[in-house]
2 protein chains.
Amino acid sequence: MPLLERERQVLTTIVESYIADAAPVGSRTVAKKSGLNLSPASIRNIMADLTEQGYLEQPHASAGRIPSARAFRLYINEVMRLRPLAESQKNRIATLLGAAGPELGDILRQVSRILSGHSLQVSLVIAPRHADARWKRIEFTLIKPGLVMAILILQGGMVLDRLLETSPDITADDLVASANYLNHLFGEMTVSEVRAKLLAELRKAESQFGELYRRALTLAAEAFAPESTRELFVDGTANIVNQPEFSDVGRMGELLRVLENRTKLLELLDKSMDEFKTVFILGEESQLESFRDFGSISTPYGPGDHPLGALGVIGPVRMDYARLAPVLNYTARVLTKMLDRRF
Amino acid sequence: MPLLERERQVLTTIVESYIADAAPVGSRTVAKKSGLNLSPASIRNIMADLTEQGYLEQPHASAGRIPSARAFRLYINEVMRLRPLAESQKNRIATLLGAAGPELGDILRQVSRILSGHSLQVSLVIAPRHADARWKRIEFTLIKPGLVMAILILQGGMVLDRLLETSPDITADDLVASANYLNHLFGEMTVSEVRAKLLAELRKAESQFGELYRRALTLAAEAFAPESTRELFVDGTANIVNQPEFSDVGRMGELLRVLENRTKLLELLDKSMDEFKTVFILGEESQLESFRDFGSISTPYGPGDHPLGALGVIGPVRMDYARLAPVLNYTARVLTKMLDRRF
DNA sequence: TCTGGCACTCTTGTGGCGAGAGTGCCAGAC
DNA sequence: GTCTGGCACTCTCGCCACAAGAGTGCCAGA
């Protein structure tokens, strides 16, 4: 059953007070802050109901209430108003990002630093997912007989390189021809489209084409085979020691362990890429036992038609989502523009 | 004045006991473990002397002694015997490293993971320093008029890429010619040698050479200009919560802050590269106030004639240096061989 | 020169106690 | 019926005192 208006208002007050103070909230405080003009005693009744419905939790009998993940979920979905960034803050973010080094890695690292600085949480930035980027050009370079460096240039200045072992009789000229052929065949497709097409072409080549094309396709297939680990930039781990929920070292260790589990972090961020919008994941929702006490926000970046990567922050369930989401969104927008400008 | 043999033996006992237990050591314990056949009372006298000389510290009047950084320095320089790795451990390291992905980044990340797993400390791996790597080949690719991607392939499979803005009338053929010229000029030199020579050539080009060569050199100069941030792989931060010295959250925050200061971490590791040997840095020796309570070990990797990068661990001053140094050395050796095999 | 003995210091753990915060429930007011 | 003031109850937290334990420094004697 849906919450009564009063109940919702009490819950909102509790959530916002808890976000601000990280301390259990008592009926007296709610009575004063809620604007409902009810006495603490009445508030207590409402709070008892909310507790029964799973929105509030009581650390112990005389300690006030703490909003549950469920309460945060309701707050995020139905109550929260995002607080737009001040112009001055936007300027600061844009300026800092402009000061990043020239390489893609430098830029993403800087984004990560900016986010952790502005959120005072741990920040995550995932490098563009190759599969969604457009192929610009491939080059093969003969290092020595039998060893070829394949270099794939993708949209946004991403460069993928892979060392390939080949038959020793492949010449530099063969490689140039192969590259030309492949560039012609695959130009401007996304990598995942290339992957699909590659399989089809390889089958065709078996029967129809000449040796050269078969070779070119084989090279490409090898260069593409295993998606290499996506790069992930993490910053701001030092921030968490300042948060009251991490005064307990054990809790801190849990977060550090989560942060070392790259696969799980990627999963968290990928969701925002798949849905192409800002995504909030709270505690249990992550399907990850060790994430129970944490929350995350993530936002995709990339041009309008398809996301390239995502950025996010991770912290205690009690985060100031209304303030942080706009920070992420704005940063993602600036980053997208920067990448766009590259090509 | 040098220590008496007895004093040194007592000190060694204390250091080793402290490394094992992380607890202050009392005279009774030393009397039992030292093998000196002295009573606790005599040991107490010796310990008083050592305290006076700055080798021991007393947390409070009745708590046993703790070895100072100075004591660890003495221990490392004059007493410690490195404990060679068991064959089984060597095998495990080699196997794990073999399971790394194909790209250079994958390999270094895996090294970092292996080190943190085997040391139970925080591990650091620094990517090869470009300056010391040999130039293999440069390629320029025209992305669109006025925008060129420069790709520099270095020894060991390192690939540097940089986006350059150029005059819009440069053609793809110009670029090929430039690359050929540069590859001819700089092949097999180290990057820092190239940098030096580049300056000289640029001056010559002003007066003597034609437009094309000037252009090639200018491109190269741009591609080389700012050394981009070196990549640094950190792993095992979750390990530190298990160490007694970090039961205090503040201490932990200090370490996390150090770990986010990439410049300082690079300085720590660079020392082992400059001296081309394993280096131990203890507390104050780092010239870094916030490093007072920590220690580090680092080892260079790379072929015999010049180091490419370094790897290390960082943890409390009380680390098992005798066990960890061989782990680092062996890992560095395996890594060097892997890079060598690439080219 | 070494050792046993002894007084002294400091930490750590425990239990008791009071203050403070917050709750739940009830009887009465509106 | 709904709201409220009052009250008893519970639990945490800080404080204090106290005892046990670990370790020291020093001294007198072997």
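What you see is a predicted model; the values in this text were computed from it and never measured. Values below: every heavy atom of this structure, side chains too, minus hydrogens, waters and symmetry copies. Proteins come first, then strands; the chains are lettered A, B, ... in the order of their sequence lines, and each starts at number 1.
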Residues which pass salt bridge (charged side-chain N to carboxylate O under 4.0 Å, His left out) with [X], listed by chain and number, not counting sequence neighbours:
| X | answer |
| --- | --- |
| Asp274(B) | Arg129(B) |
| Lys271(A) | none |
| Arg262(B) | none |
| Arg113(B) | Asp235(B) |

Worksheet entry | Interface residues of residues 13-22 of chain A with DNA chain D (non-hydrogen, below 4.0 angstrom) | none
Item to complete: Identify, residue by residue, the members of residues 243-250 of chain A with a heavy atom below 4.0 Å from DNA chain D, and return them in order of residue number, or none.
Response: none
Worksheet item: Is Arg70(A) positioned over the aromatic face of Tyr55(A), cation under 6.0 angstrom from the ring centre and no more than 45 degrees off axis?
Response: yes
What is the distance, to the nearest angstrom, from the [atom1] atom on [X] to the [atom2] atom on [N]?
| X | N | atom1 | atom2 | value |
| --- | --- | --- | --- | --- |
| Ile43(A) | dT4(D) | CD1 | P | 9 Å |
| Ile66(B) | dT11(C) | CD1 | C1' | 14 Å |
| Lys32(B) | dA22(D) | NZ | P | 11 Å |

Item to complete: May I ask you to say whether Lys264(B) pairs ionically with Glu267(B), meaning some side-chain N is under 4.0 Å from a carboxylate O?
Response: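 Looking at Glu267(B) together with Lys264(B), the answer is yes, because their closest N to O distance falls below 4.0 Å.
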Practice prompt. Whenever both distances are under 3.5 Å in a Watson-Crick or G-U wobble pair, mark it; put DNA chain D into dot-bracket that way, with [ ] for crossing pairs and | when the partner is on another strand.
Written response: ||||||||||||||||||||||||||||||
Discussion item. Would the distance check show the side chain of Asn329(B) and the main-chain N or O of Thr278(B) forming a donor-acceptor pair, the cut-off being under 3.5 Å?
Written reply: no
Discussion item. Any side-chain to backbone donor/acceptor pair from Glu260(A) onto Ala238(B)? Under 3.5 Å, distance only.
Written reply: yes
Response to the item:
With B for base contact, S for sugar-phosphate-only contact and - for none (protein heavy atoms under 4.0 Å), nucleotides 14-30 of chain C reads -------BBBBB-----
For [X], what residues pass the ring-ring contact (aromatic ring centres under 6.0 Å, His included) criterion, not counting sequence neighbours?
| X | answer |
| --- | --- |
| Tyr330(A) | none |
| Phe72(B) | none |
| Tyr75(A) | none |
| Tyr18(B) | none |

Worksheet entry | Arg65(A) side chain to Thr51(A) side chain, donor-acceptor N/O pair below 3.5 angstrom |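 Arg65(A) vs Thr51(A): donor-acceptor pair found between side chains.
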